[in-house]
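It should be emphasised that the depicted structure is a prediction, and the values quoted were computed from it without experimental measurement. One is the number of the first residue; the rest follow in order along the sequence.
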Amino acid sequence: MNAAPTQNTPRRAVVPTLVIVVAVVLIVFVVFLQRGTAPSAETPASPANTAPATAETVAPPTGEETAQPDLTAIERRDENDPLTAGSPDAPVGMVVFSDYQCGYCAKWSAETLPTMLEYAERGDLWIEWRDLNIFDEPSRRAARASYAAGLQDAFWPYHDQLYPEGKTRSADQLTDEALIALAGELQLDTERFAVDMNAEDTVAAVAANEELGRRLGASSTPAFLLGGTPIVGAQPTEVFVEVIETALANGA
């Protein structure tokens with residue numbers, strides 16, 4: 001679950017360019033999310049209320065008139081990020097925007113994430129998890145708890161327990177006490193976990209991930225950037241597989 005080190009390009013030379021590129025990327029992603037069929041936070045996206053689930057319905061339009069910047073610029077490839085899976089050198093990257101109280105995020109995690117993790121284990125895919133926390137404080141507590149678990153190399157097992165059997169936990173199961181108890185069930189160091197969960201660095205990391213999603217215009221979950229392709233909603237596994245396989249075939 002490590003990511004590639006930051007490139008050593010001199011900062012002064014790249015800052016003006018990065019500002020322009022990131023600004024354009026943010027605008028483009030907002031447009032795609034608004035064009036998507038993702039419903040509001042109260043009614044998260046699902047295959048039942050989205051457009052037909054094919055790669056064509058989620059991929060950016062092609063053609064000279066709609067040429068877009070490289071949305072893979074959103075990927076951090078940070079080797080110190082505990083919310084990741086796969087090799088930082090993987091040819092395809094995926095950024096996941098999710099919420100631990102989102103039912104369709106739980107469904108996607110149960111049905112599609114295992115296949116994504118198989119790609120990650122093979123070295124084909126790099127996954128970055130970003131908690132959007134649209135359901136406010138209980139979601140933020142869960143996000144901080146999962147980050148604390150990640151600091152003990154247990155992000156993914158803890159993540160799975162936050163979505164038991166593809167379902168969400170209720171808000172009263174996401175209190176500090178309940179989340180610490182869950183860490184104990186996974187045999188984590190609960191004293192360290194309790195400290196890490198509310199540590200300044202953890203709070204800042206969770207807030208930064210949430211702010212990233214909001215700046216990109218993500219107003220519902222789940223939402224994804226897969227190899228630079230925006231995907232909105234809990235689309236079927238086949239959609240994600242097709243995007244990955246196409247990227248790999250094109251020499252990503």
Side-chain angles (χ1 to χ4, degrees), residues 29-30 32-34 36-50 74 81-84 94-113 116 127-150 154-183 185-186 193-194 196-225 230-235:
F29 195 37
V30 168
F32 279 116
L33 288 174
Q34 290 175 342
T37 53
S40 66
E42 288 73 25
T43 55
S46 73
N49 57 19
T50 55
I74 299 302
D81 187 345
L83 313 183
T84 60
M94 178 168 70
V95 182
V96 183
F97 294 97
S98 187
D99 186 300
Y100 283 116
Q101 292 187 94
C102 163
Y104 289 107
C105 298
K107 176 181 173 66
W108 184 88
S109 287
E111 296 180 355
T112 301
L113 179 58
M116 300 298 96
I127 302 173
E128 300 180 1
W129 201 268
R130 305 288 174 239
D131 296 299
L132 189 53
N133 306 318
I134 57 177
F135 291 105
D136 298 323
E137 195 53 35
S139 296
R140 291 189 184 95
R141 283 196 298 270
R144 292 195 296 266
S146 66
Y147 191 94
F155 169 71
W156 294 106
Y158 196 90
H159 165 89
D160 291 344
Q161 291 303 309
L162 288 174
Y163 289 141
E165 298 180 354
K167 308 292 184 182
T168 59
R169 291 179 178 269
S170 62
D172 61 5
Q173 294 176 313
L174 299 176
T175 63
D176 282 2
E177 294 78 8
L179 293 166
I180 293 170
L182 184 60
E185 293 176 15
L186 293 174
F193 180 91
D196 287 342
M197 184 170 65
N198 293 304
E200 183 178 339
D201 287 349
T202 299
V203 173
V206 170
N209 289 340
E210 181 175 346
E211 178 61 19
L212 171 64
R214 296 193 185 282
R215 287 204 322 268
L216 291 173
S219 58
S220 65
T221 52
F224 312 85
L225 279 174
I231 302 177
V232 180
Q235 302 287 344

Inspect the surroundings of CD in E137 and state if more than 12 heavy atoms from other residues, nucleotides or ligands are less than 6.0 Å away. yes

Might you work through the side-chain contact (heavy atoms from CB on, under 4.5 Å) test for Y104 and T221, ending with a clear yes or no? CA-CA 8 Å; Y104 289 107; T221 52; over 6 Å; no

Would you list the atom pairs, donor with acceptor, under 3.5 Å between side chains in residues 160-167 and any protein atom, with sequence neighbours excluded?
from: Y163; atom 1: OH; to: S98; atom 2: OG; distance (Å): 3.2
from: Y163; atom 1: OH; to: D99; atom 2: O; distance (Å): 2.7

Keeping [X] on the side-chain end and [Y] on the backbone end, is there a donor-acceptor pair under 3.5 Å?
{"X": "W156", "Y": "G150", "result": "no"}
{"X": "Y158", "Y": "L179", "result": "yes"}
{"X": "T202", "Y": "D196", "result": "yes"}

Begin with the C-alpha distance, continue with both residues' side-chain angles, and end with the deciding distance and a verdict on side-chain contact (heavy atoms from CB on, under 4.5 Å) for M116 and V96. CA-CA 11 Å; M116 300 298 96; V96 183; over 6 Å; no

Rounded to the nearest 0.5 Å, what separates atom [atom1] in [X] from atom [atom2] in [Y]?
{"X": "D81", "Y": "W129", "atom1": "CG", "atom2": "CH2", "answer": "13.0 Å"}
{"X": "L212", "Y": "L132", "atom1": "CG", "atom2": "CG", "answer": "9.0 Å"}
{"X": "F193", "Y": "N198", "atom1": "CZ", "atom2": "CG", "answer": "9.0 Å"}
{"X": "R140", "Y": "N209", "atom1": "CZ", "atom2": "CG", "answer": "12.5 Å"}
{"X": "L225", "Y": "E128", "atom1": "CG", "atom2": "CD", "answer": "10.0 Å"}
{"X": "F224", "Y": "R130", "atom1": "CZ", "atom2": "CZ", "answer": "14.0 Å"}

Applying salt bridge (charged side-chain N to carboxylate O under 4.0 Å, His left out), name anything that partners E111, two or more places apart in sequence or on another chain. K107

Can you name the residues that form a side chain to side chain contact (heavy atoms under 4.5 Å, CB included) with E211, not counting sequence neighbours? R215

Residues E177 and R141 bridged, charged N to O under 4.0 Å: no

Quick one, F135 with L174, criterion side-chain contact (heavy atoms from CB on, under 4.5 Å). Give me CA distance, side-chain angles, the key distance, then yes/no. CA-CA 12 Å; F135 291 105; L174 299 176; over 6 Å; no

What pair of heavy atoms forms the shortest contact from [X] to [Y], and how long is it?
{"X": "Q235", "Y": "W108", "answer": "O-CD1, 4.1 Å"}
{"X": "T168", "Y": "C102", "answer": "CG2-O, 3.4 Å"}
{"X": "A145", "Y": "M197", "answer": "CB-SD, 3.7 Å"}
{"X": "S146", "Y": "A143", "answer": "OG-O, 2.9 Å"}

Any side-chain heavy-atom pair from D131 and Y147 closer than 4.5 angstrom? no

Evaluate I134 against R214 for side-chain contact (heavy atoms from CB on, under 4.5 Å), listing each step before the verdict. CA-CA 10 Å; I134 57 177; R214 296 193 185 282; 4.3 Å; yes

